Each structure stands twice: as C-alpha cells, then as structure tokens.
Amino acid sequence: MLIASAQGIREAERAVFEAGVATSSELMDAVVERMAEVFADWRPARVVAYVGRGNNGGDALGLAARMGCPVVLRYPGDEFKVSVETQRQLDMCSGAEVRAAAPQPMAGTLILDGLLGSGARGGLSAEYAACVHEMNALRESAPRCRTLAIDMPTGLGTSVAVRADATAAIGCVKPEMLVDGAEDFVGRLYCIPLPEVDIPHECADSVLELLHPLCRLPRRPYSLYKNRAGRVAVVAGSAGYLGAAQMCAESALRAGAGLVALYCHADVYPLLAARVAPEIMVRAVHSYAEIAEPHAQCMLIGPGLGKVEGAEADALHALVNAFPGTVVLDADGLNLAAAQGWEFNNRCILTPHPGEMHRLDPLPAAPRREVVRRFLERHDCTLLLKGARTIVADRAHACYNGTGGPFMANGGQGDTLSGCIAALVAQGLPPLHAAALGAYACGLAAERIHQRTAAPAVTATQVAEELPAALGELSM
C-alpha cells in the first residue's frame, strides 16, 4: 500500500467527486464493504463505536452494523451531531443504543475509533480527549477487548491518543503512522484498498499487504523436482545453541527449499543430526574452510554459531566472498561481520535486530528508517531491520511489514525467519522480494495461530510449522 499524506488523499478524493466518478456516500459504502470483508472473522460480543462529527464516524458505524452483534454508540460532548453520510450509516445500524454515559465493561468488546480520521489537525478538544481516555480505559476493563482505529488512531502524535490493537488504513498509510513509537498506538496495520481514488505517489516507500507484489509467491511449474526447487546451505549451531540451527534449517525445508544441507562442527554433529528433520542433510566439518557448496543458490550463516574467532572467522569470510549465490547473514553471522568490518554487496541479505544493527552501524542513534538509509548508502545489500514494524529495504526500495504482533516476542523467531528467506531465495526470488515475503509470511503464520488459540505467545517452532499454510495463502 502507498504511503501518502492526509492532504494528498483529500485532494484525490475531491477530484473523484468533482469528476462524478463517485459520490461521498458511494465511496463510504465501498470502504465499509471492504472493511467488513477484511474483518469478517472478527466475532465480538459487542461493538462500542465512538463516532465523531465527520465521515470517519460513518465508516465506523457502517462496519459496526455488519458485525452481527449489539452496537453501542458513543459521541463527544453533550450533543450528538454527525455528517449526512454518517447519519445514513446510523439509519442502517438498526438497534444501535446511543449512550450518553460510558458503557459497562464486557468481555469480548470491540471498540471502534471513529472519532477523527487523518484529516484532523492540531491537538484534541476536551470533549474528544475525554472520549480517548474512556476508550483506552474500556479496552483495559475486561478480557478480550480490543480497539480498531478507522483510518488512523485519534490523537496520534499528541499527548492524548487512542491505543489501538489494529488500524484500518483507508486508501493509503499516513507517514505519521510509521514513525518510531507509533506502532504502540497503531497496532496491526490492515490496508483497505481505495481503487476509485488516484492517490498520489508522494513516497517511494510502501507498506506490505496481501496484494503487494512483494507478497506474492510465484506458481510452481508442474514438472518441478527437488534439484530445481532450490538448494540451501546452512552454517549454524554450536554447543548450547543447537535449537537455532534446527529451527532455521527446518524453516527452510517448510518454506519450500528442495534440498537443505546443514553444516556444523564435528563436536555437535551427533546431537544435531539426531534432532533435526530427517529430510535435512547434516554435514560434519572440522573447519568451516572445508565447506564447498557449488550447487546451492543460497547460503545462510549465523544462527547459533556462537563466537567465531581466528582462522574459523577468516574461513567464514572467505566462504562468503567465494560463494556465487546469495548469502543470508543472521545472528552470530552478523556479529562476526560487525566485528571484522565486512563489506556487503547486492548478493547479501542482512537480518539484524536493533542490537545487531547497532553493532553493524555504531553511529549516533537515529530514527529506524534513517539508520536503514545511511547503512545502504555504504553497502549495496538488502537489509531487514527487525522490529514491531520491520523495515525491508535495498538502495532502490523500502517497505514496512505490518503482520505479526507482540505474541511473537520470544526466542527463535529470527532463526525461523532467516530459514524462510533463504528458501525463497533458493527458489529464485530476488533478495528484496525474498526478504519482504519472508517477513510477511512469518508474521501471517503467527497471526493464524494466534487467531485460533488467543495464546499470549506463539513460538518460533509453531511459526515454522504454520509456514506452509501461510505461504499457500500467498501463492499465485
């Protein structure tokens, strides 16, 4: 999805109305129907819709009417005033209870923030701020309550803002939704298309979503066989860190690699060979200098390697420089590269978390997007900077991933991600495509599990097991 300013989309909508392509009411109906489709699996016990005086409230009411549950309507101030289009949606929301006082807590409540959209300017008035405080308190009042912001959380970027679990970005994502720290208020980003409106391309960056070109997995030819499905060589694992090697290798297998070879030192070979999936070829070496993989398309180096020094460090550097395919560096592979000051080219994919990124780029702290930009000015590679809003970029493009959530905050997720990316590279995807699709698919896999279980934590092993279904959802 495009990233564009509120002013840009307002002007584009005005052009649609002036040209007679659609009326404001018709555009609202289209948005509501698309939101209803995106959130069809959400089955709240009750909806509490906070409705402002603009059309943002109409979008919220239209969605509330299609949720198939009781609806409570709240509004700012003492007098209920709405736009003509919002009143029309209210008329279709039969049985909605208009409340002058805060509703009582109820488990499973869905709170819709339809107070102010992206067109709002400046700070909040007292009456709107009171609604924001009430919304945030209601969200914390009972189990399984969550907030969905329509277009943009009310008050975002000010001292009083809605803390949403998810945001339905209509037509485009506004830049302020992507600044560092905004993710705790925006939550999971859902992109609601608005094809009727010619939204201006104000920014080269984009947000990954289901129809994004980088989120598509190409169709496999019927005649495909293992040697044509891609070979991944993995250099991973050491004493005490065998799980990392297992997770990345098995993730590569589940993400579609035709062959996976796992290289490890001879001292851990018996343990590692006994625990990984039988389809993985485990190879013992006494030195990394022994590794030769002329037929692999991708080499993954780093998960669970531990500290590598001296001749073994030099051997891995030589292996990276000599390997003709794409190299994915993760975890201890990144730490080694940072310690030795490696240079990276367009055959390298780096997947650091913030700590590893600081070791790679020990310059003064800066916004995450700026850190990515300045690193790529010096290194012509693909960089995936992990975080609640992962950034995937090369010198020409950058995109933000919106899938996943706090249920992924546990060890091993990076191992699963790096294995998935390596498998996608081996299957022929360019580095940026593989990294973006891997991030999106792993987040989607975790979401699928969380939706079924509502568990506070989804493990990396569970994500790897769900990867085939998530990638299947993204297949052409």
Side-chain angles (χ1 to χ4, degrees), residues 1-4 34-35 37-41 166-173 177-178 183 186-195 199 201 203-220 230 251-252 254-257 298 326 328 349 351 372 382-394 396-405 408 413-414 416-451 463-464 466-476:
M1 176 171 265
L2 295 176
I3 300 169
R34 288 164 194 154
M35 285 197 299
E37 183 176 346
V38 169
F39 301 110
D41 293 336
T167 296
I170 298 172
C172 65
V173 176
M177 296 164 67
L178 298 170
E183 60 271 12
V186 174
R188 185 4 174 139
L189 263 175
Y190 289 90
C191 300
I192 309 301
L194 203 58
I199 298 170
H201 288 249
C203 176
D205 296 356
S206 61
V207 175
L208 297 173
E209 40 91 15
L210 191 62
L211 297 180
H212 196 292
L214 294 180
C215 291
R216 310 309 295 167
L217 181 64
R219 192 187 305 269
R220 288 184 160 203
S251 175
R254 291 189 170 97
C298 186
T326 299
V328 178
I349 301 174
T351 61
V372 169
T382 296
L383 179 65
L384 183 152
L385 179 55
K386 298 169 186 170
R389 198 79 72 214
T390 290
I391 302 174
V392 186
D394 60 15
H397 303 92
C399 48
Y400 295 81
N401 183 44
T403 59
M408 297 180 75
Q413 299 288 353
T416 292
L417 171 61
S418 63
C420 176
I421 293 171
L424 295 172
V425 168
Q427 292 170 76
L429 272 64
L432 182 72
H433 190 165
L437 178 56
Y440 190 89
C442 285
L444 181 62
E447 286 179 350
R448 290 167 60 94
I449 298 165
H450 183 68
Q451 187 173 10
V463 171
E466 188 72 18
L467 258 181
L471 288 168
E473 193 172 327
L474 302 172
S475 297
M476 297 290 282

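Given the structure is predicted, the values throughout are model-derived calculations rather than measurements. Below, each value reflects all heavy atoms present in this structure, side chains not excepted, and no hydrogens, waters or symmetry copies.
Distance NE2/His397 to CG/Leu432: 7.5 Å, rounded to 0.5 Å. Once rounded to the nearest 0.5 Å, the distance linking CG of Leu214 with CG of Asn401 reads 11.0 Å. With rounding to the nearest 0.5 angstrom, the CG atom of Leu437 is 6.0 Å from the CG atom of Leu471. The CE atom of Met408 sits 8.5 Å away from the OG1 atom of Thr416 when rounded to the nearest 0.5 Å. Once rounded to the nearest 0.5 Å, the distance linking SG of Cys191 with CG of Leu210 reads 10.0 Å. Note that SG of Cys442 is 7.5 Å distant from CD1 of Ile421, once rounded to the nearest 0.5 Å.
Residues Arg448 and Glu473 meet the side-chain proximity criterion, which asks for heavy atoms closer than 4.5 Å. Residues Leu424 and Leu217 form a side-chain contact, since some pair of their non-hydrogen atoms from C-beta on lies under 4.5 Å apart. In this structure, Met177 and Val207 have side chains that are not in contact, with every pair of non-hydrogen atoms separated by 4.5 Å or more. Looking only at side-chain heavy atoms (C-beta outward), Arg34 and Leu194 come within less than 4.5 Å of each other. Looking only at side-chain heavy atoms (C-beta outward), Ile3 and Tyr400 come within less than 4.5 Å of each other.
Under the 3.5 Å distance criterion, the side-chain polar atoms of His450 are left unmatched by any main-chain donor or acceptor of Gly404.
A salt bridge does not link Arg389 to Glu183: none of the charged side-chain nitrogens sits closer than 4.0 Å to a carboxylate oxygen.
Across all non-hydrogen atoms, the minimal contact from Thr390 to Ala439 is CG2-CB, 4.5 Å. Ser206 and His212 get closest at one heavy-atom pair: OG-NE2, 2.9 Å. Residues Ala435 and Leu384 come closest through the heavy atom pair O-CD1, 3.6 Å. Annotation for Ala436 and Leu208: closest pair O-CD1, 3.7 Å, computed over non-hydrogen atoms. Ala423 and Ala255 make their closest contact through CB-CB, 3.7 Å (heavy atoms, listed as atom of the first residue, atom of the second, distance). For the residue pair Ala169 and Met1, the shortest heavy atom distance occurs at O-CE, 3.8 Å.
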Full working for side-chain contact (heavy atoms from CB on, under 4.5 Å) between Thr403 and Arg188: CA-CA 7 Å; Thr403 59; Arg188 185 4 174 139; 3.5 Å; yes

Verdict with reasoning, Leu178 to Asp205, per side-chain contact (heavy atoms from CB on, under 4.5 Å): CA-CA 11 Å; Leu178 298 170; Asp205 296 356; over 6 Å; no

